[in-house]
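Below is one structure; the comments refer to it alone.
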Amino acid sequence: MQAPPAPSPPRDHLEGVVDHLVLVTYDQHTVLRLTPANEGHVEQTVIAVGKALFGAQPGESLHLTGTWTQHPRYGRQFKAQLCERTWPATVRAIRLYLASGMIHGIGELLAAAIVDIFGEQTLHVIDTDPQRLREVHGIGPTRLERITEAWKTQKAIADIMVFLQGLSISAHLAVKIYQTYKDTDQDPLQTVRDAPYQLCRDIHGVGFDTADRIALAVGIPKHSDQRLQAALLHTLTEARSGGDCHLPERALLARTRRLLTDDDPATAEILDDTVLRQALDALRASGDVVLEELPVPLAEDHDAFHAITAVSLSWMYRAEASLAEDVLRLNNAPSRLTDHSDWPSQLARTAADGLTEQQEQAVLTALTRPLSVLTGGPGCGKTHALRTLVAVADTAGVEIALAAPTGKAANRLEESTGHTAMTVHRLLKPVLGESLFDHETPLAGADLVVIDEASMLDVQLAAKLTASIPSGCHLLLVGDTDQLPSVGPGRVLRDLLSVPAIPRTRLTQVFRQDHGSTAIVDNAHRILRGLPPEAASGVFGCRPMEDPETIAEYVVTLVATDIPHHFDTTPQDIQVLCPARRHAAGALDLNIRLQARLNPAETGKPEHHYDGRVFRLGDRVLQIRNQPHRGTNGVFNGATGVITAIDTENHHLTVTHHDGEPVLYPFTDLDELMHAYALTVHRSQGSEYPYVVIPMTTSAGQQLLQRNLLYTAVTRARLGVMLIGQPTAVARALANTHIRRRHTALEHRINRQATITVPHRRSGGSAGQLAWD
């Protein structure tokens with residue numbers, strides 16, 4: 001019996017200009033309206049659908065290959081299997097292209113005027129003889145110069161896009177490549193052709209997979225040195241994104257081999273550890289990685305150790321090593337507070353409200369020991385202890401600096417203590433106008449530094465912090481070790497608590513809370529004990545649901561209607577926190593749904609499409625990368641704000657952040673922002689919201705459904721929690737106490753007081769300075 005013939009490839013073709021995006025789902029399925037380029041086409045616009053359209057934006061000319069279908073509800077649609085970007089050829093297409101705003105300086109009316117004069121030769125005229133544009137009314141020397149420069153930019157980007165066509169690479173990557181290399185001595189397109197793996201190092205958001213597709217397409221051999229080295233660096237970078245400061249060499253080689261040989265048996269036979277070690281040796285010789293011997297406890301005997309070869313990215317090694325050195329320096333330095341009054345007597349006079357023995361210990365330790373840690377769960381009195389510490393120190397004339405990793409946490413710290421607080425990044429930012437040769441740190445005058453929400457400190461930020469604190473100044477780290485670890489690499493707070501020489505106080509007594517938060521605190525402690533939370537009218541709701549689609553729809557109703565109606569509040573006071581980003585009822589899916597409900601598209605409301613997402617006036621957004629040079633004071637990972645302006649002519653939008661500062665974002669940098677109607681629990685660390693909605697589904701996976709994740713989500717709420725979703729998912733989270741131990745060496749470096757030698761760097765500052773990623 002003959003096998004059935006293979007299905008014939010799609011034969012229908014459609015050319016046109018993207019009018020607007022109708023829908024982009026969390027899994028990249030895209031629905032858009034396309035204006036056909038054919039002048040005689042009967043339909044003004046048509047609907048095109050498919051994942052192949054992901055990344056298209058208004059104004060682009062597309063050539064689609066696919067099939068016409070009839071949807072039972074939405075009618076005739078073009079289902080695209082292939083999508084190619086082209087230059088517009090017809091008068092109609094050229095007019096639509098120019099009117100889209102793709103070329104700075106040309107709007108709808110001017111586009112029509114230009115095309116009326118030059119017709120199908122319009123783009124040829126702009127490219128070869130732009131001075132002829134002066135024939136168009138309204139185009140003077142200044143506007144002509146803007147149009148000419150914008151055209152050169154757009155053409156260079158288009159050349160890169162055409163070269164990358166068919167490799168499933170976002171069109172926005174072409175813009176990033178051009179912006180990165182346009183002011184250097186490297187030709188952007190030539191760099192893509194000759195050194196695609198260089199993109200991984202130079203451009204945020206370009207990973208190994210993307211660079212590898214380009215490299216293999218241009219003929220770079222699978223076993224080339226540059227491919228193997230790029231794969232090793234990618235594996236270390238991925239490990240760092242997962243919280244690791246290093247990888248055991250064996251794990252690094254095994255993961256890299258899997259990356260390079262998946263579905264490729266021929267490569268698997270050739271690629272052995274010897275070949276990869278040669279590539280690793282080359283990276284060590286160039287200073288990109290550091291190899292060192294580290295002790296690791298044996299599983300069956302935690303007092304016995306065996307040695308492993310650990311591999312770190314060089315800058316990651318320098319951060320952890322310098323952090324260990326500065327922790328030892330601070331902990332062993334003579335205190336600059338020894339000349340102050342008798343602290344127990346001062347505390348007795350100041351603490352009118354009374355303290356527990358544990359709280360007294362925490363306050364006195366912070367005032368008498370240069371380095372200390374204060375931990376405890378919700379409702380255990382950390383805030384009261386901090387308030388008392390600040391009052392005692394103020395009375396004694398001690399110079400205090402208060403900070404937290406996020407703006408919201410800093411605001412909460414300031415409200416609770418009555419003392420100015422700021423983000424850690426702001427605390428460390430040098431004073432404007434400071435001499436480049438003045439190495440005095442911003443904290444040189446501080447006697448006591450208090451960092452709240454210290455569980456959020458990753459190795460890099462902690463290293464910058466401790467390096468800025470002068471010897472003799474006291475440092476108190478305050479945090480909850482039961483929360484999720486930092487988003488960045490390391491587990492700083494836990495590692496410091498493993499060092500016996502560092503004094504610490506753990507508050508364990510739970511105090512009665514005000515009525516609005518009693519149920520939240522009680523349920524947080526129930527979760528820590530592995531018990532399911534209990535519903536409490538008006539404060540803590542539990543709603544079992546099974547279908548993820550129903551859960552997602554109910555979340556939108558809760559945020560948009562139910563909670564605001566019942567509690568006389570607004571959707572701005574409600575934060576949705578999800579275990580995972582993807583899948584139905586994940587953060588990506590719910591952001592799309594909540595944006596459509598809370599901030600829908602309206603005629604005249606500005607918006608901009610970027611990489612399948614719509615940024616609209618009034619959207620809530622979150623910063624996901626540190627940008628110390630953006631805005632007046634820098635913008636850092638975790639900062640939230642609202643889009644308050646979108647300038648389509650000058651290609652930027654404005655986000656007004658929580659501190660009230662309006663910050664400009666060029667359209668090319670919108671990968672720094674994500675919508676913030678729904679966040680992952682990890683992204684919410686350090687923040688507090690009046691009301692929190694937590695959708696739980698098993699699709700989040702065992703790695704994310706953990707007890708500390710549910711605990712962290714619940715403790716983000718101040719007035720109310722709504723926990724909805726699959727009971728199985730909640731049960732799995734409560735039962736899962738396994739916390740993957742991150743690969744860190746901070747505890748070892750401090751306990752052994754190892755002598756750290758910073759490896760040679762190929763570029764950067766002087767030998768006495770640290771270079772940071």
Side-chain angles (χ1 to χ4, degrees), residues 16-35 45 47-60 62 74 80 83 85 96 99-102 170-176 205 552-553 555-556 559-560 571-572 576 578 581-582 584 586-624 640-656 663-679 683:
V17 178
V18 179
D19 182 68
H20 69 276
L21 299 184
V22 177
L23 174 69
V24 181
T25 65
Y26 70 94
D27 59 355
Q28 301 187 354
H29 179 73
T30 303
V31 181
L32 56 79
R33 280 200 172 273
L34 192 80
T35 302
T45 61
I47 292 289
V49 302
K51 288 189 176 183
L53 303 175
F54 179 75
Q57 53 183 338
E60 286 189 320
L62 305 180
Y74 299 110
C83 174
R85 288 165 173 83
L96 290 168
S100 70
M102 297 284 279
S170 167
H172 290 287
L173 176 58
V175 179
K176 280 285 187 184
E553 291 176 354
V555 167
V556 174
V559 175
Q572 286 69 36
V576 179
C578 308
R581 294 178 68 243
R582 302 191 179 277
L588 294 178
D589 177 36
L590 287 170
N591 267 318
I592 294 170
R593 296 172 186 260
L594 287 165
Q595 182 195 41
R597 181 71 175 272
L598 300 175
N599 191 26
E602 296 176 5
T603 302
K605 180 185 288 187
E607 61 181 35
H608 178 72
H609 297 261
Y610 181 90
D611 209 19
R613 296 174 294 161
V614 182
F615 289 95
R616 191 171 290 141
L617 188 69
D619 275 341
R620 290 160 58 178
V621 292
L622 175 84
Q623 178 81 15
I624 61 173
T640 57
V642 176
I643 297 176
T644 51
I646 298 179
D647 188 335
T648 54
E649 182 173 346
N650 293 304
H651 287 212
H652 63 244
L653 57 77
T654 303
V655 175
T656 300
V663 178
L664 290 182
Y665 288 80
F667 285 169
T668 54
D669 292 344
L670 295 185
D671 57 348
E672 296 177 15
L673 297 174
M674 63 177 290
H675 290 92
Y677 299 100
L679 300 175
R683 288 284 181 192

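All values below were derived from every heavy atom in this structure, side-chain atoms included, with hydrogens, water molecules and symmetry-related copies excluded.
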Check: Any idea which heavy atoms bring Val556 and Arg593 closest together, and the distance?
Finding: CG2-CB, 3.7 Å
Item checked: Over all atoms of both residues, closest heavy-atom pair of Ala645 and Leu617 -> N-CD1, 3.5 Å
Margin query: For residues 612-622, which residue pairs pass the salt bridge (Lys or Arg N to Asp or Glu O under 4.0 Å) check, not counting sequence neighbours?
Written below: Glu607-Arg616
Check: Does a side-chain heavy-atom distance below 4.5 Å link Lys51 with Thr30?
Finding: no
Item checked: Nearest-0.5 Å distance, CG of residue Leu598 to CD of residue Gln572 -> 7.5 Å
Notebook entry, point to check: Got a second to check how far Thr654's OG1 is from Ile643's CD1, nearest 0.5 Å?
Noted result: 9.5 Å
Item checked: Closest non-hydrogen atom pair between Asp671 and Ile624, with its separation -> O-CD1, 3.4 Å
Checklist line | Minimum side-chain heavy-atom gap Tyr74-Ile47 below 4.5 Å | finding: no
Notebook entry, point to check: Side chains of Thr656 and Val642: closer than 4.5 Å at any heavy-atom pair?
Noted result: no
Checklist line | Separation of Leu670 CG from Glu672 CD (nearest 0.5 Å) | finding: 8.5 Å
Note to self: Looking at every non-hydrogen atom in both residues, tell me the closest pair between Ala52 and Cys83 and how far apart they are.
What the structure shows: O-CB, 3.4 Å
Next item on the list: Go through the structure and list residues passing ring-ring contact (aromatic ring centres under 6.0 Å, His included) with His608, not counting sequence neighbours.
Entry: Phe667
Checklist line | Atom pair OH (Tyr665) and CG (Leu653), whose distance is rounded to the nearest 0.5 Å | finding: 8.5 Å
Check: Can you tell if the side chain of Val621 reaches within under 4.5 Å of the side chain of Met674, non-hydrogen atoms only?
Finding: no
Margin query: Does any part of the side chain of Asn599, heavy atoms only, come nearer than 4.5 Å to the side chain of Tyr677, both counted from C-beta?
Written below: yes
Next item on the list: Working to the nearest 0.5 Å, report the span between CG of Asp669 and NZ of Lys176.
Entry: 4.5 Å
Next item on the list: Measure the spacing between NE2 of His652 and CD1 of Ile646 and express it to the nearest 0.5 Å.
Entry: 10.5 Å
Next item on the list: Walk me through it: do Thr640 and Gln623 pass the test side-chain contact (heavy atoms from CB on, under 4.5 Å)?
Entry: CA-CA 6 Å; Thr640 57; Gln623 178 81 15; over 6 Å; no
Check: Within the side chain of Asn591, is there an N or O that forms a donor-acceptor pair under 3.5 Å with the backbone of Ala587?
Finding: yes
Margin query: Less than 4.5 Å apart, side chain to side chain, heavy atoms only: is that true for Thr35 and Thr45?
Written below: yes
